Amino acid sequence: MDYNFREIEQKWQKFWIENRTYKTEIDHTKPKFYVLDMFPYPSGAGLHVGHPLGYIASDIYSRYKRLNGFNVLHPMGYDAYGLPAEQYAIQTGQHPAVTTQKNIKRYREQLDKIGFSYDWDREVRTCEPDYYKWTQWAFIQMFNSYYSNQTQQARPIAELVAHFEKSGTADLQAACTEELNFTADDWNAKTEKEQQEILLNYRIAYLADMKVNWCAALGTVLANDEVSEGLSIRGGHPVEQKVMRQWSLRVSAYAQRLLDGLDKIDWTDSLKETQRNWIGRSEGAEMRFEIVNPTPTLPQGEGEDLSPNPSTEGEREAKPSYYTTDANTWKLLKENAKSMRLEPTEAEDLLWQNLRGLKLGVKFRRQQPVDIFIPDFVCTQKKLIIEVDGEYHNGKEQIELDVERTRILETIGYKVLRFTNEEVLTNVSSVLERIRTEIKNRDIFTSNVEVKVKPSPCGRDRVGFDVFTTRPDTIYGVTFMVLAPESELVDICTTAEQAEAVKNYIDATKKRTERERIADRKITGVFTGSYAINPVADTEIPIWISDYVLAGYGTGAIMAVPGHDSRDYAFAKHFNLPIIPLIEGADISEESFDAKEGIMINSGFLNGLTVPEAIAKAKEYIEEEGIGKVKVNYRLRDAIFSRQRYWGEPFPVYYKDDLPYMLDESKLPLELPEVDKYLPTETGEPPLGRAKNWATDDGYKLELNTMPGFAGSSAYYLRYMDPKNDKALVSTEANEYWQDVDLYIGGTEHATGHLIYSRFWNKFLFDLGLVTKDEPFKKLINQGMIQGRSNFVYRIQGTNTFVSLNLKDQYDVTPIHVDVNIVSNDVLDVEKFRNWNPEYKNAEFILENGKYICGWAVEKMSKSMFNVVNPDDIVEKYGADTLRLYEMFLGPLEQSKPWDTNGIDGVHRFLKRLWSLFFRDNNLSFSNETPTPEELKVLHKTIKKISSDIETFSYNTSVSAFMICVNELYTLKCNKKSIMEPLTIILAPFAPHIAEELYHLLGNTTSVCDAQWPLHNEEYLKESTVKYPVSFNGKVRFTLELPADMSREDVEKTTLTNEQTQKYLDGKTPKKVIVVPGKIVNIVVAP
RNA sequence: GCCCGGAUGGUGGAAUGGUAGACACGAAGGACUUAAAAUCCUUUGGCUUCACGGCUGUGCGGGUUCAAGUCCCGCUUCGGGUACCA
């Protein structure tokens, strides 16, 4: 009887549906196991042979776990929102829901043919309102939360509001877009609108003006992971930077936890490494560089100093208020100031400890030169000076001098408070109280010029800028500064003389697309005309602008250390800027020395230290001196969450007074409205702008953007646990039972997108106490890509004649892709080729040995290469079981490999052979006899191998083991039930249809899925003899069969007395004999 | 540039430091057949030998070891990821 796979497969697929074989329910009597495939997007092209690879692997594991007594959750559904359906809708006017529905149907048909054990009752689709209700719901929770850096978790926004009402931003530890500083009184005095605007700075889902990746061709913004090399991943359209008001998710707040979580999960090292790189943690210091001659940035009139700023010298007149002295005086006074700082009096020190670090809510600097003086403490923001006077101030002369000094300072707008040492030492609190009062009284100065300058995270307010560096040890080697062209500091730094050059440079940069910038690494830049002061080395260094500095990372400005950074080096060489070596013995004549090793030189107090020591010391110094602070920077950006598209989840958001508000949860789901066209409106609004009555019941306008692709796929694994629940995303009961995904299989392409976002999303839900696990995917395997294997024919140029592969060198030929489906074992079906394309109807061929042999190459599997192989065709020709086995047989799961249908006959032959073992003379035939030891050995060897191979996902060797087993049973003519039955059970995960059929032929009436996995018995595997390979100096010469239990000594003795050994020894005496019992004998002789 | 992963017959690939090439495809030869398909048997890394056998062989060059595809060092090369990330 023939192996009729078509009949068998249809029969059992029907049986499984009718008997609800794959239905899964919570069952507390069994341990759970959750196996998940990455959410597929149902594309119009359908599945090609590469897609099911991971699905087959996970299906095998699911079935294996079930046979081992686990309650297995193995669901499937569709990530149904997406750009392709919408692009198609724009072109054809067809509603994307219709195309999506059609594609899903086709997908399902294809999947059904392969015999997967999915519980289809749990299917979800992201575009269904019952599903996206929970996506919208999660978004509302994110809007209503902020991230507490103190407890490292998401907290209700109400707690933050309470904090603001009580203490303003004092002691606030919350993730935010921008550091803000205000008091409780400030907060309470603000209007509702102002407060809401401020809260957006802290919410986990927030609306803000952001630099976004704008893709004009797609008409939408894209997330960082959707862009590669300046082109959109989907479609390859150019992407430019643009500032837009967009929804974002504060993923960056979770950067550290996302990084730490990687240590707890069983993913491949390379995938974890990719995520670590993407998160991009770097430890360093952020420090402030003051600008020597800042240019006023405010328009005429506004920039005028509001405070009295008269001065005796005319030169002072023109200066804005935000610097305290002129460059020349600064140079003269800075050394004095520095030494004074190092030797404070007892009283000065006491007061400083109470003033420093924003203790009074404003920033004080000590020994800061002001005009020609060096007062003890200066608050430039409030124009307040505190002096602490010693004994000698009581002298008559000194009193006069002090009066004059105060007068001058007051004429330039400062208020001077004087205290004696004694006052400070005996009653510091009353001194502080007076200072506090004075600060309050001087509120007039709060709205000074610094509003235009971004407040420094270091808390300083003068004009200057912060830079982030991981190498604070190289501070003495800073010879210039570089700003990103987009930086707002550019205006401040640019002098009149340089204004034109800077403008030209920035215009040119804007014109270059991101892609062009990446493509040609030309060194470009322009000098701003300004200088910054190195806060440690006190040197003046030029400030440049160049596009090698990114606006989006750190502060958009860098300190350049050409000696020890290759990018700075290239820039310095190009513009002839000084390069200072900082590491002993490092040769920097040709290139920079970037390594973090060596001994410091030319570095003041850091000299003689090793680099790591110097980094630590420099950080310490920077904090001590209030120059900056130690900081950890992450590359991970917040996820832009708005898309100017139709086919996505609508936001549960409406606008009142231009501020966003969340819909009440009772209004969910907010369903996607109908539109007349899937294009932006005439005024450039997103497609939802076309929807009629797109407003709340009260008439407030609803959000026009929709959510991005990753919105719906970020928590789908939770929904599968409880897919029909209309009260919650997932019930506590279901979540406590299923917990997390035990095995997740999918492609590497999700490494920096889905797998970051869903980990973030899960952690957020974990913080809210809604899910039990902090990490969603315990173990993850990346299946390798299936590449295409293309075939070529060779046309002789200018003719319609094709020449076979091995004769083509005799002609001038053009290789042409030919459909792999009309080629078999690289032999072209000539007739099919003529019918393939009218152009080739009259093609002539030059054959070799009567055949036309095609050339081949491994390429991406794509329609344009004519190398797409459809699983339906394979199933039609060989059956699903053959397809499943062959996909696994191709090679290791994780490795990429080309699909070549050629080898499939071998796998199919194996199934036929297995089938034939059950039949004699066309009749079903098996015996109930006791198996022989040899038969038992074959079976148990296979059980052992298959069990361990499945655990290690080494499915290709499993298939080989099955082949060996069947070949051996074939040789033994074995048809004993006690051998065949366990064999069908262990084959069932791989080839479920034939296994089910054979299992029933053996007399069983229940599904093979509910059988029990057999255990192997070592007793049957024992060998009585071992064939020892005998080698001389490592070269194997012959084998010797000896009893398995023979002792090491006896093996050595027997080997040495063997006549063949004597022959190879050739009279020489063995120097040493190595015997590895059960393995090998090696005899060492002198050469 | 940086990070990760590879490199083994004509092809896909196998090999806890212990007989390299399991298993399969392809190819060659043979059996059955009027013929084809299907099935079955034999051979199949290279060189050499009538044969027994010998030599050689896992990208290249070194090393460790009784023994290296496997471990270490240095390169070449091909994939994948990422990119002026300070």
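From a predicted model like this one, the values you see are computed outputs, not experimental measurements. Scope of the values below: all heavy atoms of this structure, side chains included, with no hydrogens, waters or symmetry mates. Chain A is the first sequence line, chain B the second, and so forth, proteins listed ahead of strands; every chain is numbered from 1.
The minimum heavy-atom distance linking Asp568(A) with Ile558(A) is given by the pair OD1-CD1, 3.5 Å. The two residues Val1036(A) and Pro1029(A) come nearest to each other via the heavy atoms CG1-CB, 4.0 Å.
Comparing C73(B) with G29(B), their C1' atoms sit 49 Å apart, to the nearest whole Å. Between G61(B) and G10(B), the distance separating the two C1' atoms is 28 Å to the nearest Å. As rounded to the nearest Å, C41(B) and U34(B) have C1' atoms that lie 23 Å from one another. As rounded to the nearest Å, U56(B) and A38(B) have P atoms that lie 43 Å from one another. Spacing of C1' atoms, U76(B) relative to C85(B), comes out at 31 Å, to the nearest Å. When the C1' atom is compared between G9(B) and A27(B), the two are found 13 Å apart, to the nearest whole Å. For the C1' atoms, the distance linking G21(B) with U8(B) amounts to 7 Å, nearest Å. Taking the P atom of each, C3(B) and A22(B) are spaced 38 Å apart, rounded to whole Å.
Nucleotide G79(B) is matched to C4(B) when pairs are restricted to Watson-Crick or G-U wobble geometry with both distances under 3.5 angstrom. Pairing for A38(B) is absent, judged as Watson-Crick or G-U wobble with the two contacts each under 3.5 Å. The partner of G74(B), taking Watson-Crick or G-U wobble pairs whose two distances both stay under 3.5 Å, is C60(B). A15(B) is unpaired under the criterion used here, namely a Watson-Crick or G-U wobble arrangement in which both key atom distances are under 3.5 Å. Judged by Watson-Crick or G-U wobble contacts below 3.5 Å, the nucleotide C55(B) has G46(B) as its partner. Shown here, C25(B) forms a base pair with G10(B); the pair counts as Watson-Crick or G-U wobble because both key distances fall under 3.5 Å.
Below 30°, between 30° and 60°, or above 60°: for Tyr548(A) and Phe571(A) the angle between ring planes is between 30° and 60°, a tilted geometry. Ring geometry for Tyr3(A) against His908(A) counts as tilted: the plane angle lies between 30° and 60°, on a 0 to 90° scale. The aromatic rings of Tyr886(A) and Phe889(A) sit tilted relative to each other, their planes meeting at an angle between 30° and 60°. Classification of the Phe962(A)-Phe990(A) ring pair by plane angle, with boundaries at 30° and 60°, yields perpendicular.
The shortest distance between the side-chain N/O atoms of Asn633(A) and the OP1/OP2 oxygens of A86(B) is not below 4.0 Å. Phosphate proximity of G81(B) to Thr748(A): absent, as no side-chain N or O sits under 4.0 Å from OP1 or OP2. Within the structure, a side-chain polar atom (N or O) of Arg567(A) is placed less than 4.0 Å from OP1 or OP2 of C85(B). Look at Arg1037(A) and you'll find a side-chain N or O under 4.0 angstrom from OP1 or OP2 of G54(B).
Projected onto RNA chain B by closest heavy-atom contact, Gly280(A) and Ala961(A) fall at different nucleotides, the more 5' of which corresponds to Ala961(A). For Leu890(A) and Lys1063(A), each mapped to the nucleotide of RNA chain B holding its nearest heavy atom, the one lying further toward the 5' end belongs to Leu890(A).
Tyr1064(A) comes within contact range of the sugar-phosphate backbone alone, with a heavy-atom separation under 4.0 Å but no base atom that close. Residue contacts for Tyr569(A): at a heavy-atom cut-off of 4.0 Å it reaches no nucleic acid atom on any strand shown. Residue contacts shown for Ser270(A) are limited to sugar-phosphate atoms, with no base heavy atom under 4.0 Å away. Arg913(A) comes within 4.0 angstrom of sugar-phosphate atoms only, judged by non-hydrogen atoms across all strands, and of no base. Pro898(A) comes within contact range of no nucleotide atom at all, as no heavy-atom separation falls under 4.0 Å. Note on Ser916(A): nothing from the nucleic acid sits closer than 4.0 angstrom, heavy atoms only.
For the pair Lys973(A) and Tyr970(A), the cation-pi criterion (under 6.0 Å, within 45° of the ring axis) is fulfilled. Cation-pi geometry between Arg635(A) and Trp278(A) is met: the NZ or CZ atom falls under 6.0 Å from the ring centre, inside 45° of the normal.
In this structure, Glu286(A) atom CD and C85(B) atom C1' are separated by 14 Å, rounded to whole Å. For the pair Arg789(A) CZ and G10(B) C1', the interatomic distance rounds to 11 Å; values are reported in whole Å. When the P atom of U82(B) is taken as reference, atom CG of Leu271(A) falls 12 Å away, rounded to whole Å.
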**OP:** Do nucleotides 24-38 of chain B as a string where each nucleotide becomes B, S or -: B if the base has a protein heavy atom under 4.0 Å, S if just the sugar-phosphate does, - if no protein is that close.
**Re:** SSS-----------S
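Residue pairs meeting the salt bridge (charged side-chain N to carboxylate O under 4.0 Å, His left out) criterion with at least one partner in residues 941-963 of chain A, sequence neighbours excluded, are Lys941(A)-Glu968(A), Lys944(A)-Glu1018(A), Lys945(A)-Asp949(A).
A salt bridge does not link Lys912(A) to Asp905(A): none of the charged side-chain nitrogens sits closer than 4.0 Å to a carboxylate oxygen. Between Asp466(A) and Lys629(A) there is no salt bridge, since no side-chain nitrogen of the basic residue lies less than 4.0 Å from a carboxylate oxygen of the acidic one.
Ring to ring, Phe575(A) and Phe480(A) are not that close: their centroids are 6.0 angstrom or more apart.
Closest to the side chain of Lys897(A), from the set G12(B), C84(B), A22(B), is G12(B).
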Heteroatom pairs (N/O) under 3.5 angstrom, protein to nucleotides 15-21 of chain B:
| residue | atom | partner | partner atom | Å |
| --- | --- | --- | --- | --- |
| U16(B) | O4 | Lys1079(A) | NZ | 2.3 |

